[in-house]
Chemist: 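Before I ask anything, let me first share the structure, which is written out below as structure tokens.
Quick caveat: nothing in here was measured; it's all calculated off a predicted structure. Letters A, B, ... mirror the listed sequences (proteins, then strands); counts begin at 1.
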Amino acid sequence: MNASSLMPDSVPLRPMLPPYLEALNEEQRAAVFHSGKSLLILAGAGSGKTRVITTKIAYLIREQGVPPQAILAVTFTNKAAREMADRARLIDGRAGFAMLRTFHSFGAWFLRQHGSLAGLDSGFIIYDDDDTASLLGAVMEGSSRGEVREAARHIARAKDYFLSPDDPELTLIDHRSEFRRIYRDYEERLAKTGNVDFGDLIKKPVEILRNNPAMAKRFRARFRVIMVDEYQDANVAQFELLKEIRDEDTYICVVGDDDQSIYRFRGAEVRNILEFPERFPGTDIIRLERNYRSLAPILSIAASVVDHNEGRLEKTLIAVRGTGKKPVLAFLPNQDEEVMFCAELIEGSWDKHKAAYADWAILYRTNAQSLGFETEFLRRHIPYRVVGSLKFYEREEIKDSLALLALLVSPRDEVAFCRVVNKPARGIGAATVKRVVNVALAEALDFRAAVERLTPKVSAKAHLGLETFFHAIELGRATLFTTGGTRGEALAEEARADEVDQPTKKAPRKRRGIQGSLKSARNKEALIADEGLSTCVVTLLMESGIAEYHLNHDEIAGNQRISNLQELANAASLYPGTEAGLLDFLEHIELDRSLADTDVDDPNKVTLITLHNTKGLEFRRVIMTGVEQGIFPREDKRNEELEEERRLFYVGATRAMDQLYLSTCAMRRMYGNTMPMFPSVFLHEIDRKDLRIVGEPPYAFSKKECEDYDEYND
DNA sequence: TAGTTTTAAGTTTTT
DNA sequence: CTTAAAACTA
């Protein structure tokens, strides 16, 4: 007998691997080593997919000699992009030179360089949904708010599906004939502002690459390896973009989980992942089914719900961590009791196990549900953080400031102009604004030129107001110094810096505390410029009168608004005080609404979060709340949409590592009045024996199996 | 035109 | 019940 036959099977005969590869399991390693045409990794929840992608990036650089600049990795969220970059760099520093971006920021990067091929100037601003809606409001004059919102949704959807106003398939999105006209008018009007919306960040690059074969050929030579994370969330336009940026020699590796596809409403096509092997012939498939996160009973109920879906690539997760306690299903009388239930669970675990607050996450379907938890947690002094609904950049004062800043680089920006031209009141009424905009649109002038054209027709008061306004904008612009002179050069410099992905920003420093802002507000000095771009921001806010306006309109929340403005100025100080710096600043704000973690002071907090926002996260203990018919799933969900809600349940449940709680209320306040509620269908799809039921269940759930909820918190 | 009052509408989910 | 847009008055 030779030595090797005495060895257990688990010790294979192969050369020693470096530790970063040794840490992988067999399938993960196969995915990292894989070479060929293309690879589809079906990665179940908690199966270590980020580890695989980051390791693969490092492996390609280290072992395969792929230049980092030739690697493109695309994600859907900024958080994921950041995490991926950090983890890849940890394995090999050179990974920092690979391009790791979200789809949208990749599109923006592309358009800054090649947008001129579609008549776009390089200083464009990205309109968010709000801006889009106000522009559409101007296009659809006389329509109700709801109609405008619906049209805005449909236009965004059309762009997700890569449909233009003259596309016959547009009827699948909106069959009304006037929709085509509205969409076309909107596109025309948007073009006149010189700006783009979210959908354009994907759609326009595809069009440019298709219409400019020579440039496309050169561009395709750049990336030899393309990886896509969360591929199940890709929409049709993103799929088209993927096809346009690769050629026959490009290696494509996509990672995803069809069971976690939860963005259908946003145009995500599960078909993209289901049909990937057909779309890219020669694709190999690797499944990652070992789950390293959750205890077995948690995976089991997650699976039993999603098993009710048809048309999925069956996957069976294996719980590496083994078995544990059954998930708890709590029947509660109403939402106030639900809040108390959660609070007591958390406090109880704190007392009994010294479990950290940060171990806990409360999941809900809609952002509005966070309110009750916030109020009660404040009362009980339970520290918490709300993820996602931090609408810092949607606040009135912030949007006003951003509009002013936008006007410095985007002089034909209709939306920004209308927003701030008469704020604070300068005697410029709606009628005047409309006339100025119409002249500007009709004669392709910027607003200042349009006013001069109109001078005799505009009242003296309005004219004076407009002059004051333009003067403030000029003062703001004057604070920007251009490096080397022209805007073009500054932008080119930024683009070059981007080529190797070296941030043009300075390293973040400690932010000025809220206290400092408050003190300055009390002194009526209001805002303090720090350095870099903040000089421009502060000048503009002071000169335009916006700072004073918000100081005066801030009677309830103390000086919150001024603090917010100060916070904006602080954020700006990290960027250079140039036009390129300003563009960079605005772009980062539009594409990444999540504010940098400000709670470094106390990270031990309960997380309040929507189900959608939890993707990619994990917590030791998770409470999924409001598991009621009409809320989760929403009542109008049928067929594919109901299947998507099931996947959302799956995503939520698989966030839990050790313990999962589900709560469902018999009554709930909605729109001000109290409505009776019924348990979610999903609860009927789980075997009763897999749950520990507490509280007062409705008759549909047999009572004798239930317990009082004294002992639920073990 | 500015500021206040009245009325209606609305809750998915996100880049 | 809350928030935003229309309507109304000064």
Side-chain angles (χ1 to χ4, degrees), chain A residues 74-81 101-108 126-130 132-134 137 142-150 153 156-157 159-160 196-203 230 233-235 237-238 261-268 335 363-372 387-391 393-394 396 422-433 459 461-462 465 549 552-553 587-594 609-616 626 630-637 641 644-645 647-649 651-652 668-675:
Chain A
V74 208
T75 64
F76 280 85
T77 66
N78 293 286
K79 204 166 53 191
R101 282 174 180 260
T102 64
F103 258 115
H104 288 87
S105 106
F106 175 78
I126 301 159
Y127 277 170
D128 68 10
D129 291 347
D130 255 13
T132 299
S134 25
S143 298
S144 76
R145 220 174 96 70
E147 288 167 325
V148 172
R149 276 183 46 150
E150 193 193 18
R153 242 195 7 257
R157 198 89 189 282
K159 291 189 176 185
D160 288 341
V196 298
D197 61 22
F198 273 113
D200 287 340
L201 292 177
I202 311 297
K203 187 164 172 274
E230 307 278 17
D233 290 338
N235 61 35
Q238 285 158 339
S261 170
I262 54 175
Y263 287 113
R264 208 184 109 91
F265 68 93
R266 206 169 79 185
Q335 62 189 349
L363 276 45
Y364 37 77
R365 182 61 228 272
T366 64
N367 273 311
Q369 286 167 259
S370 76
L371 201 78
V387 177
S389 79
L390 245 175
K391 293 181 191 140
Y393 290 112
E394 282 161 36
E396 185 189 347
N422 196 33
K423 203 168 181 179
R426 295 183 181 90
I428 308 158
T432 310
V433 174
S459 75
K461 190 171 81 175
Y549 174 90
N552 295 334
H553 285 78
E587 180 175 318
H588 275 84
I589 286 173
E590 286 306 334
L591 294 180
D592 187 1
R593 261 71 205 303
S594 67
I609 191 168
T610 62
L611 284 155
H612 280 85
N613 264 320
T614 59
K615 195 149 66 161
I631 291 197
F632 189 30
R634 283 178 64 84
E635 67 254 86
D636 50 335
K637 300 292 175 180
E641 290 195 307
E644 177 141 318
E645 298 277 305
R647 294 192 288 264
L648 194 54
F649 183 95
V651 168
R668 186 175 288 273
R669 270 192 311 279
M670 290 176 99
Y671 300 103
N673 40 12
T674 307
M675 307 272 286

Chemist: Quick one: is B:dT14 close enough that its OP1 or OP2 comes under 4.0 Å of any side-chain N or O from A:Thr610?
Modeler: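 For A:Thr610, the contact criterion (side-chain N or O under 4.0 Å from OP1 or OP2 of B:dT14) is met.
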Chemist: Starting at CD of A:Gln238 and ending at P of B:dT14, how long is that distance when rounded to a whole Å?
Modeler: 16 Å
Chemist: For A:Thr366, does its backbone N or O pair with a side-chain atom of A:Gln369 as donor and acceptor, under 3.5 Å?
Modeler: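 Yes; judged by distance alone, with no hydrogens or angles, the pair exists.
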Chemist: Is any side-chain heavy atom of A:Val74 less than 4.5 Å from a side-chain heavy atom of A:Gln238?
Modeler: no
Chemist: Tell me what A:Thr75 touches on the nucleic acid: a base, only sugar-phosphate, or nothing, going by heavy atoms under 4.0 Å.
Modeler: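 A:Thr75: no heavy atom of the nucleic acid under 4.0 Å.
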Chemist: Would you indicate what A:Tyr263 reaches in the nucleic acid, counting non-hydrogen atoms under 4.0 angstrom: base, sugar-phosphate, or nothing?
Modeler: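 Since only primed, P, OP1 and OP2 atoms lie under 4.0 Å of A:Tyr263, the category is sugar-phosphate.
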Chemist: Touch check for A:Ala425, heavy atoms < 4.0 angstrom, all strands: base, sugar-phosphate only, or nothing?
Modeler: sugar-phosphate
Chemist: Nearest nucleotide by nearest heavy atom, which residue falls closer to the 5' end of DNA chain B, A:Thr102 or A:Gly427?
Modeler: A:Gly427
Chemist: For B:dT14, does either OP1 or OP2 sit under 4.0 Å from a side-chain N or O belonging to A:Asn613?
Modeler: yes
Chemist: Determine the contact category for A:Phe76: base if any of its heavy atoms lies under 4.0 Å from a base atom, sugar-phosphate if only primed atoms, P, OP1 or OP2 are that close, otherwise nothing.
Modeler: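 Here A:Phe76 touches the backbone only, sparing every base.
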Chemist: Look at A:Asp160 together with A:Arg266 and state whether they make a salt bridge at an N to O cut-off of under 4.0 Å.
Modeler: no
Chemist: Can you tell me if the side-chain N/O atoms of A:Arg145 get under 4.0 Å from OP1 or OP2 in C:dA5?
Modeler: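 Affirmative; the distance criterion is met.
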Chemist: When you measure from the side chain of A:Phe198, which nucleotide among B:dT11, B:dT15, B:dT14 comes out closest?
Modeler: B:dT15
Chemist: Hey, is the side chain of A:Arg149 poking within less than 4.0 Å of OP1 or OP2 on B:dT11, counting only N and O atoms?
Modeler: yes
Chemist: Just how far, in rounded Å, is P of C:dT2 from CG of A:Asn367?
Modeler: 18 Å
Chemist: B:dT14 P sits how many Å from A:Asn78 CG, rounded?
Modeler: 14 Å
Chemist: Does the side chain of A:Leu201 come within less than 4.5 Å of A:Leu591's, by heavy atoms?
Modeler: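 SC-SC contact between A:Leu591 and A:Leu201 confirmed.
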Chemist: Between P on B:dT14 and CG on A:Asp233, what's the gap in Å once rounded to a whole number?
Modeler: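 It is 12 Å, rounded to the nearest whole Å.
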Chemist: Reckon A:Asn422 touches a base, only the sugar-phosphate, or nothing at all at heavy-atom distances under 4.0 Å?
Modeler: sugar-phosphate
Chemist: Rounded to whole Å, how long is the line connecting atom CZ of A:Arg264 with atom C1' of B:dT13?
Modeler: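 That distance rounds to 13 Å.
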Chemist: Compare the minimum distances between each of B:dT13, B:dT1, B:dT15 and the side chain of A:Ala431, then state the nucleotide with the smallest one.
Modeler: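 That would be B:dT1.
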Chemist: Locate the shortest heavy-atom distance separating A:Lys159 from A:Ala237; write the atom from each residue and the value.
Modeler: O-CB, 3.4 Å
Chemist: A:His612 vs A:Tyr263 aromatic rings, parallel, tilted or perpendicular, using cut-offs 30° and 60°?
Modeler: tilted
Chemist: Of the nucleotides B:dT13, B:dT11, B:dT15, which has the atom closest to the A:Tyr671 side chain?
Modeler: B:dT11
Chemist: Between A:Ile631 (CD1) and B:dT13 (P), how many Å, whole number?
Modeler: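 Going from A:Ile631 (CD1) to B:dT13 (P), I get 12 Å.
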Chemist: How many whole angstroms separate atom CD1 of A:Ile262 from atom C1' of B:dT15?
Modeler: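 Spelled out: CD1 on A:Ile262 to C1' on B:dT15 is 13 Å.
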Chemist: Can you tell me how far P of C:dT3 sits from CG of A:Leu371, to the nearest Å?
Modeler: 9 Å
Chemist: Checking base pairs now: Watson-Crick or wobble, both atom distances under 3.5 Å. What partners C:dA4?
Modeler: B:dT7
Chemist: Which nucleotide, in any strand shown, forms a Watson-Crick or G-U wobble pair with B:dT14, with both distances under 3.5 Å?
Modeler: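 B:dT14 is unpaired by these criteria.
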Chemist: Quote, to the nearest angstrom, the C1' distance that separates C:dA6 from B:dT11.
Modeler: 22 Å
